[in-house]
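What follows is a single structure, written as structure tokens, with notes after it.
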Amino acid sequence: MKTIHKILVALVIMLSVTVSAQSNNKVTKTVKIYGNCGMCKKNIETAGGQKNVAKVQWDTETKMATLVFNPAKTNQEEILKRIAAAGYDSDNHKAPDAAYDGLHGCCQYDRVGKKQE
């Protein structure tokens, strides 16, 4: 019985060290993403996020997004490309016109001249 207890304790310790090591490998970046409202917030965060890989938090007032991601699995450019594909421009990635045109009326922000991907 003591042996099983020791094995279980060792497994819990190993798992906690692994989880903690994975969470320490995250990178945080802040970028401007254009949008207007709460619906934009949901769309931007959903498009850019990936479970256990990337999380996006977008502020409707400042239009700034905080990207937190695992650089071994993705990067800032890939996240911004996914967000652009959903219809939202950033300073380095313009959404395709068809994606922008497909946004709900309240989500169609004033576009600034940017290169299209």
Side-chain angles (χ1 to χ4, degrees):
M1 188 69 167
K2 287 184 180 182
T3 305
I4 293 174
H5 183 342
K6 287 180 183 179
I7 291 172
L8 288 174
V9 169
L11 281 172
V12 168
I13 291 171
M14 286 176 25
L15 288 173
S16 66
V17 168
T18 302
V19 169
S20 131
Q22 288 176 353
S23 64
N24 291 336
N25 293 330
K26 302 283 184 184
V27 171
T28 302
K29 300 283 184 174
T30 304
V31 296
K32 184 159 193 150
I33 298 174
Y34 298 88
N36 290 326
C37 61
M39 190 183 309
C40 294
K41 177 178 176 61
K42 181 180 178 200
N43 293 339
I44 290 167
E45 291 176 354
T46 299
Q50 287 181 298
K51 187 175 182 180
N52 298 324
V53 176
K55 182 175 181 176
V56 176
Q57 291 185 303
W58 185 72
D59 186 289
T60 56
E61 296 298 317
T62 64
K63 313 301 184 219
M64 298 301 289
T66 302
L67 315 177
V68 180
F69 59 93
N70 180 338
K73 296 182 179 182
T74 193
N75 58 54
Q76 178 177 324
E77 293 302 305
E78 291 301 315
I79 295 168
L80 294 176
K81 285 178 184 177
R82 289 195 306 274
I83 293 170
Y88 298 91
D89 296 341
S90 64
D91 287 336
N92 294 327
H93 296 281
K94 182 178 179 192
D97 290 336
Y100 174 81
D101 293 340
L103 293 175
H104 190 273
C106 69
C107 294
Q108 292 186 349
Y109 49 91
D110 293 330
R111 295 183 96 179
V112 221
K114 293 178 189 53
K115 67 176 186 168
Q116 184 167 343
E117 291 295 315

- Item | Closest approach of T62 to D59 (non-hydrogen atoms, all atoms of both residues) | N-OD1, 2.9 Å

- Roughly how far, to the nearest 0.5 Å, is OG1 of T28 from CG of L67? 8.5 Å

- What distance do K55 atom NZ and T66 atom OG1 have between them, rounded to the nearest 0.5 Å? 10.5 Å

- Item | Heavy-atom check, side chain of N70 versus side chain of K26, under 4.5 Å | yes

- Would you indicate whether the side-chain heavy atoms of S90 and V31 approach each other to under 4.5 Å? no

- Check: R111 side chain, D89 main-chain N or O, donor-acceptor pair, under 3.5 Å: no

- H93 and side-chain hydrogen bond (donor to acceptor under 3.5 Å, both in side chains): which partner among R82, E77, K81? E77

- Presence of salt bridge, K63 and D91, under 4.0 angstrom: no

- In Å and rounded to the nearest 0.5 Å, what is the NZ to CD1 distance from K29 to I79? 10.5 Å

- Honestly curious: do I33 and Y109 fall in one hydrophobic cluster under the side-chain, below-4.5 Å linking rule? yes

Would you mind writing out the side-chain donor-acceptor pairs for residues 101-108 within the sub-3.5 Å range, not counting sequence neighbours?
| residue | atom | partner | partner atom | Å |
| --- | --- | --- | --- | --- |
| H104 | ND1 | C106 | N | 3.3 |
| Q108 | NE2 | Y100 | O | 3.3 |
| Q108 | NE2 | D101 | O | 3.1 |
| Q108 | NE2 | L103 | O | 3.3 |

List the atom pairs, donor and acceptor, that lie under 3.5 Å between side-chain atoms in residues 39-46 and the rest of the protein, sequence neighbours left out.
| residue | atom | partner | partner atom | Å |
| --- | --- | --- | --- | --- |
| K41 | NZ | E45 | OE2 | 2.7 |
| K41 | NZ | W58 | O | 2.8 |
| N43 | ND2 | M39 | O | 3.3 |
| N43 | ND2 | Y88 | OH | 3.1 |
| E45 | OE2 | W58 | N | 2.8 |
| T46 | OG1 | K42 | O | 2.8 |

- Query: Can you name the closest pair of heavy atoms from V27 and P71 and give their distance?
  - Reply: CG2-CG, 3.5 Å

- Query: Between C37 and T60, which heavy-atom pair has the shortest distance, and what is it?
  - Reply: O-CG2, 3.6 Å

- Task: Report yes if some heavy atom in the side chain of Q50 is under 4.5 Å from a heavy atom in the side chain of F69; otherwise report no.
- Result: no

- Item | Shortest non-hydrogen contact from G87 toward A95 | C-CB, 3.4 Å

